[in-house]
Undergrad: 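The structure under discussion is supplied below as structure tokens; questions concerning it will follow.
Values reported hereafter were calculated over all heavy atoms of this structure, with side chains retained and with hydrogens, waters and symmetry mates removed. Note on naming: letters A, B, ... go to the chains in the order of the sequence lines (proteins, then strands), and numbering restarts at 1 for each one.
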Number of protein chains: 2
Amino acid sequence: MSATLADVAAKAGVSRQTVSNAINTPRIVHPATLQRVMAAVDELGYAPNLHARRLRTSSARTIGIRLERHDDGIHGVLLDRFLHAVTEQAAGLDRHVLVFTADDADAEVAQIRSLSQRSLADAFVLTSTDHRDRRIDALAEAGIPFVAFGRPWDDGSAPHSWVDVDGRAGTREATDACLATGERVAFLGWPDGSGAGDERRGGWRDAMADAGLPADLDRAVEDDPAQAQAAAAELLAAGATSIVCASDTLALGAIGALSRADASVPVVGFDDTGVAAGLGFSSIDQNLGAVAAAVLELLHGEPAHRLVTPRLHRRANPRWGLPAQQSAAADGKDAS
Amino acid sequence: MSATLADVAAKAGVSRQTVSNAINTPRIVHPATLQRVMAAVDELGYAPNLHARRLRTSSARTIGIRLERHDDGIHGVLLDRFLHAVTEQAAGLDRHVLVFTADDADAEVAQIRSLSQRSLADAFVLTSTDHRDRRIDALAEAGIPFVAFGRPWDDGSAPHSWVDVDGRAGTREATDACLATGERVAFLGWPDGSGAGDERRGGWRDAMADAGLPADLDRAVEDDPAQAQAAAAELLAAGATSIVCASDTLALGAIGALSRADASVPVVGFDDTGVAAGLGFSSIDQNLGAVAAAVLELLHGEPAHRLVTPRLHRRANPRWGLPAQQSAAADGKDAS
DNA sequence: TCGATCCATTTGATCGTTCCAACGAACGTA
DNA sequence: TACGTTCGTTGGAACGATCAAATGGATCGA
């Protein structure tokens, strides 16, 4: 059916091993031979049989990722984007991505063990890591390479590779942008105790403190538009000139409050989901492309970590958008 | 490292081939031998090396699916759910799922060709099929097994396997449910020309016609909450007692109109995304589990097709929800 | 001249499975 | 007794690549 190493070797008048070298370690074959071999490869449309290679080397060059069940929506979109970014960039590194499902953390570990043992995948990405994540210890103990997307909120575990988004830097940037439109920047977030949520609130506090302003307009509700709407109404009544939110879901609720109050106040969400694009409010883009790149970089090698800086995606909707950036730092400026 | 066929054979006192038979075609080995072999398998924790098997049989038992770039959000969530369902059910059939990305249809076909030739995946699922889809002819011609998620809206192509959701049945069910709360059921959909959109509008028209009511409250806008809100306001002004929408995005806009008008009117969306769950409006669930099952069923075999019936996910929010179902009949009861 | 070193290439073995042809034993039939 | 079938099992070859060791020439210093 398809051409094999031996076919190419015959055509180029060399041995199989030389063809193999030409493909895997070109620098050790003579330039003239290399050229001849490559010509034969092109002519025959040869592509190495990966099963044979994997059998021999017992490595798969494949990354395993669990697909989560996402009843909530927004979280799912993010993971989906992340998966897309990882897959796209993995292809550039000549790696494939195998997906699997699992009902809980233990089932996931079992799956990973199985996939790893059969060398169907030789490195894994853990998503949605939480407090005292069982998976981390299990994989570390089994010696299976992995990178976690999400920082370890406890520091009891053995050191492992992780990548996370610097939520604090994100809300700080959003708050700074909002400050340009008025001093009373409010924050609408989640109750204390969620690592990511606390970081996001911290960024707002930092920015307000640096500006010498009080961080008093602060509300905490569950990630639900109805609750957010009620809380946002209070913030507006208290004189908020803009609202920085811990998620697009909360921002959606805040915009509901704006609509009812007929107010015109910038709202900034977090995650830059389709909701933000649809309604036209600004949102903090987690920069998942950079996260994916960092994950791939850390997949092989000593434990290390990376903190990716998100960036504010400005949208200029007249009701709840942000005005164009004034300072001509990097990109184009417009009338203000 | 891991146990091999030869190890099991030695332990059970039989030849490699017998072990292979015990695993792949148990019926041809003697019951007593089978039991002895299986005991050895368990004891050694033997699992076949899939690379070796795939090399020998040149089949991968793996399904390839392209991950789409989804800037729009809602579409992405659906495909993500679908992917999850396929992966989960594929595992039950001892199959794996490999994902890949591609910038356009041609690139996707090229990728599929490559994956297929190297037998990294031996069957594929096409999503987001559109009018005169180039991919279908290309794959059919290349003899690569595939199933399309989405019916062929033109009938010019060669017959191929496809699975689709019966959108018409979905909006019909939604309309019937809405009729229980008032006669003036409106439809908020997309402009004519999109196959899926036309089907959804058709379901509403059918239900209204069966009930002997005029289908006059009908608006068509792009899939954008702002436009939807304006159109929904018109429908409310014209006396709509409920609004069936072609998507959750449109329903989101409709609810915005409700909020401003302080009206209390059932709204039904389509796709049952997180937005519907978050705001608490009813929505039509595409039943992607059933779609996935159908896809897997059709992946190997003669060209065939399946039309999956979606189901209405009722939510009883007081402002825009639906009352609990009155008739305890199973479902699919025609009004007349 | 001889031997050591290096470079480019080749040869044979191997990864773990399934395919293929052959095998002996048990059985029925002539 | 002899012969063809069927059943359960077996050993060797093959899938297509990489690994490890060996080969034959150049090149170079002693």
Undergrad: For the pair made of CG in B:L5 and P in D:dG11, what is the distance, rounded to whole Å?
TA: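 Nearest whole value for this atom pair: 14 Å.
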
Undergrad: Reckon B:R16 touches a base, only the sugar-phosphate, or nothing at all at heavy-atom distances under 4.0 Å?
TA: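 The answer is base, as B:R16 lies within the cut-off (heavy atoms under 4.0 Å) of a base atom.
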
Undergrad: Can you give me every donor-acceptor pair (side chain of residues 292-302 of chain B, partner residue at least two apart or in another chain, under 3.5 Å) with its distance?
TA:
| residue | atom | partner | partner atom | Å |
| --- | --- | --- | --- | --- |
| B:E297 | OE2 | B:R306 | NH2 | 2.6 |
| B:H300 | NE2 | B:R95 | NH1 | 3.3 |

Undergrad: Whole angstroms only, please: what is the CD-C1' distance between B:Q17 and C:dG16?
TA: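 So the two atoms are 13 Å apart, to the nearest Å.
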
Undergrad: Out of C:dT17, D:dA17, C:dT9, which nucleotide sits closest to the side chain of B:R53?
TA: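 Nucleotide nearest to B:R53's side chain: C:dT17.
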
Undergrad: Counting only side-chain heavy atoms from C-beta out, which of C:dC19, D:dG8, C:dG16 sits nearest to B:N49?
TA: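 Looking only at heavy atoms from C-beta outward on B:N49, the closest nucleotide is C:dG16.
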
Undergrad: B:T4 has a side chain; which of C:dT14, C:dT9, C:dG16 sits nearest to it?
TA: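 Side chain of B:T4 sits closest to C:dG16.
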
Undergrad: Counting distance alone, no hydrogens or angles: does the base of D:dT18 have a donor or acceptor under 3.5 Å from a partner atom on the side chain of A:R56?
TA: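 When only heavy-atom distances are counted, A:R56 does reach the base of D:dT18 through a donor-acceptor pair under 3.5 Å.
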
Undergrad: Here's a test of your reading of the structure: between B:A6 and A:T33, which maps to the more 5' nucleotide of DNA chain C?
TA: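 So the residue in question is A:T33.
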
Undergrad: Which is more 5' along DNA chain D, the nucleotide nearest B:A52 or the one nearest B:I28? Just name the residue.
TA: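 Whichever sits nearer the 5' end wins; that is B:I28.
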
Undergrad: Across the strands shown, which category fits A:S15 at heavy-atom distances under 4.0 angstrom: base, sugar-phosphate, nothing?
TA: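 Touches a base.
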
Undergrad: Scan B:T18 against the nucleic acid and name what it touches under 4.0 Å (heavy atoms): base, sugar-phosphate only, or nothing.
TA: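 The residue B:T18 makes base contact.
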
Undergrad: Can you tell me the distance, in whole Å, between the CG atom of B:L55 and the P atom of D:dA17?
TA: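 These atoms are roughly 9 Å apart.
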
